[in-house]
Amino acid sequence: MSGILEARNRIAELMAEAIKKAKESGKLPDVNIPEVPLEHPQVPSYGDYASSLPLRLGRLMRKSPVEIAETILFMLPTSPEISKASVAAPGFINFTLSDEWLTGQVDSIISDGDDYGRLQLGHGEKMQLEFVSGNPTGPLHVGHGRGAVLGSTLAEVLRLVGYDVKTEYYINDAGSQIANFGRSIYARYCQTLGVDKEMPEGGYFGDYVKDLAREIVADEGRLLLSSPEEEALARITEIAVRRMLDRIKSDLKLLGVEFDVWFSESTLYSSGQFDNVMKILGEKGYLISREGAIWFTSSSLGEDKDNVLIRSDGQPTYFASDIAYHYNKFVERGFDEVIDIWGADHQGHVSRMKAAVAALGIDPDRLTIIITQMVTLYRNNEIVRLSKRTGDIITLKELIDEVGADACRLFFLSRAADSQMDFDLELAKEQSSENPVYYIQYAHTRTCGVLRYAKGKGITFDDGDTSLLTSESELDLIKKMVLLPEVIEAAAKTLEPHHLVYYAIDLATVFHSFYKQCRIISEDSKLTKARLKLVTAAKIVLGKTLALMGLNAPETM
RNA sequence: GCGCUUGUAGCUCAAUUGGAUAGAGCGCAGCCCUGCGGAGGCUGAGGUCGCGGGUUCGAAUCCCGCCAAGCGCGCCA
């Protein structure tokens, strides 16, 4: 366990011990004590941790919270982590971490190195994280980018805290939309070769469809015109989907997002898993035949209506294959927990998916669905819906090309998933020099610069004594560095990695402030060595935070 | 109409999940280079936390009711 969490636990233990002793000696009534709450006071002068436990015990114990707090404080054992504990109205106990403990953490961070922040929360539990999963019928758009950044960051965080995480992209390569896409490509293919062929109704009219058709013409020539239409259609669909997927993969790679598994929907059918799951649902009595279709009786599970699984034309719906897919995740592949990240347009699907999982006899609490709200693009305060270049919807690639991958990631990451976000393209570019991403990265390059300079001067500092770090800006920096494990813990528990962004900005701020305040390499060789250790540790923490967010940690800028 | 999500500084967003004086970036008004990288540091102005009730020691946070925005409500995915 990392330092700060040990210290925090220690404080909770000390309090529990104090209360126990107070109860035994009759100074406090014998009531059950809830878990000790510990938080960071808003005002730094109050201390590093505060507990409101006395306030909560007030009613239970029928005593004034201040009195309870004073009794606990009186009984509180001393501990090297804590230099000061005090009572504050209306019933808080405030704790200050000792300078000795804090400066000792610098050495501890250095020895942890890249493992700094590693926790054991997951205990190797098998967890699957599915995200993006955009249909291979078109390029990824901006909203997919948000899910991609959230998902990939979450995966890193959850791995770091001890989950066995697999990331997965579900490829909807079966069903009516794929058929429709194939017919659209086929029509464009024919048209490109001067053969009259109408686009299907509700087909894909984007320019990328024409581009794809032209690519296929370039590769295959007129060959497919001579095949029977059904055969040509199948072949063209296959080629087009593969090409679309390649493009999706490369767009994601630009954002630094890669997947462990690309799962094909059509394998659910070819392997018989789909039929098996339908059979199970039928045996459990959740299927009903009505109006020529087969329905999932979700209303019996508290949903507001039933849902069609097999259409009257015999074709399964997307929902049906998604049920089979989730059965595959939990039962066939044995994931303990599954997290799906979906766009806002899928939120109507959430509760019925959970109902379906429950119907299959799987505890629906093992499935967590995160909905990311919409991204609205702006340019100079005007909403941008369509790309000037193609006239189509703005693609993820265009966004990355325009603002850069790091800025793109940081921006997407800095908003909680459930709040809609506005993304002003001009602002993102204009501010590029003032952008938080550069501010954070610059802090990292500064650590590198100093360490380079020290190395050039032949300074070694393995024997540096960190207890010499006593100035306010040094201790403020250490206090912030020490918090990373707590931030990671919070991000993992709430599945909200946006905390990392705010932490990174705070960390960069205290580092820049320290850098301004303290001359690192000076005539005082002992202090120089101590400060170089501090800079080394700061580099580790900044680097780790950037890496977790999937941002570059440049040595120079 | 029903469901989900959101409403916090001029703008974009946080708030350790019920805690003490609600914070940051941008923007705005100033100040700081005799420094290892100024892509930096420091200071200031700016808030009825959408509105109204309620719950309790304590509410931006929980409950109820309004108002507003986004997304759903298909034998599309």
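Order of the sequence lines fixes the chain letters, A, B, ..., with proteins taken first and strands second; residue numbering starts at 1 for each chain. If you're wondering where the values come from, they're calculated on a predicted model, not measured in any experiment.
Spacing of C1' atoms, B:rG54 relative to B:rG18, comes out at 16 Å, to the nearest Å. For the C1' atom pair drawn from B:rG50 and B:rA68, the interatomic distance equals 8 Å after rounding to whole Å. Atom name P, nucleotides B:rA9 and B:rG52: the rounded distance is 16 Å, in whole Å. B:rG46 sits 27 Å from B:rG38 when the C1' atoms are compared, rounded to a whole Å. B:rC49 and B:rU61 have their P atoms separated by 10 Å, given to the nearest Å. When the P atom is compared between B:rU5 and B:rC64, the two are found 12 Å apart, to the nearest whole Å. Spacing between B:rA59 and B:rG19 at atom C1', rounded to whole Å, works out to 10 Å. Separation of the P atoms belonging to B:rA22 and B:rC26 is 22 Å when rounded to the nearest angstrom.
Contacts of A:Tyr453 with the nucleic acid, taken as non-hydrogen atoms under 4.0 Å apart, involve only primed sugar atoms and P, OP1 or OP2. A:Lys457 comes within contact range of no nucleotide atom at all, as no heavy-atom separation falls under 4.0 Å. Contacts of A:Cys448 with the nucleic acid, taken as non-hydrogen atoms under 4.0 Å apart, are absent. Nucleic acid contact class of A:Ser351 (heavy atoms, under 4.0 Å, all strands): none. When heavy atoms are screened at a 4.0 angstrom cut-off, A:Asn94 is found touching base atoms of the nucleic acid. Base engagement by A:Arg519 is indicated by at least one non-hydrogen atom pair under 4.0 Å involving a base atom. At the heavy-atom level, A:Tyr46 lies under 4.0 Å from base atoms of the strands shown. Looking at heavy-atom distances under 4.0 Å, A:Phe423 makes no contact with the nucleic acid at all. Nucleic acid contact class of A:Met557 (heavy atoms, under 4.0 Å, all strands): base. Across all strands shown, A:Ala50 has heavy atoms under 4.0 Å from base atoms, whether or not it also approaches the sugar-phosphate. Among the atoms of the strands shown, base atoms are found under 4.0 Å from some heavy atom of A:Gln347.
Base pairing of B:rG47: no nucleotide in any strand meets the Watson-Crick or G-U wobble criterion (both distances under 3.5 Å). In this entry B:rG7 has B:rC67 as its Watson-Crick or G-U wobble partner, both defining distances falling under 3.5 Å. For B:rG72, the paired base is B:rC2 (Watson-Crick or G-U wobble, both distances below 3.5 Å).
The salt bridge (charged side-chain N to carboxylate O under 4.0 Å, His left out) pairs that include a residue from residues 436-462 of chain A number zero, where partners must be two or more places apart or lie in different chains.
Using a 4.5 Å heavy-atom cutoff, the side chains of A:Asn552 and A:Asp406 are in contact.
Using a 90° window around 0 for the glycosidic torsion, B:rU17 falls inside it and is classed as syn. In this structure B:rC13 sits in the anti conformation; its chi angle is more than 90° from 0.
In summary, the aromatic rings of A:Tyr169 and A:Phe263 are positioned with their centroids too far apart to meet the 6.0 Å limit. Aromatic ring centroids of A:Tyr439 and A:His512 lie under 6.0 Å apart. Residues A:Phe511 and A:His444 keep their aromatic ring centres 6.0 Å or farther apart.
Nearest heavy atoms, A:Phe92 versus A:Ala89: CD1-O, 4.0 Å.
Contact annotation: A:Arg311 reaches the phosphate of B:rC76 (side-chain N/O to OP1 or OP2, under 4.0 Å). For B:rA77, neither phosphate oxygen OP1 nor OP2 lies less than 4.0 angstrom from any side-chain nitrogen or oxygen of A:Thr137. Within the structure, every side-chain polar atom (N or O) of A:Tyr49 is placed at least 4.0 Å from both OP1 and OP2 of B:rA20.
Atom CZ of A:Arg352 and atom C1' of B:rG3 are 12 Å apart (whole Å). Note: CD (A:Gln517) to C1' (B:rG41) measures 9 Å, nearest angstrom. Straight-line distance from the CG atom of A:Asp304 to the C1' atom of B:rG1: 13 Å, rounded to whole Å. We find that OH of A:Tyr438 is positioned 18 Å from P of B:rG25, with the value rounded to whole Å.
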Reading nucleotides 14-19 of chain B from 5' to 3' and marking B where a protein heavy atom lies under 4.0 Å of the base, S where only the sugar-phosphate is that close, and - otherwise, the string is SSBB-B
Could you check A:Asn307 against A:Ser298 for side-chain hydrogen bond (donor to acceptor under 3.5 Å, both in side chains), going step by step and ending with a plain yes or no?
CA-CA 7 Å; A:Asn307 295 95; A:Ser298 30; 3.0 Å; yes
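Here A:Tyr515 pairs with nothing under the ring-ring contact (aromatic ring centres under 6.0 Å, His included) rule; sequence neighbours left out.
More than 12 heavy atoms of other residues, nucleotides or ligands lie within 6.0 Å of CD in A:Glu39, so this atom counts as buried by the packing criterion.
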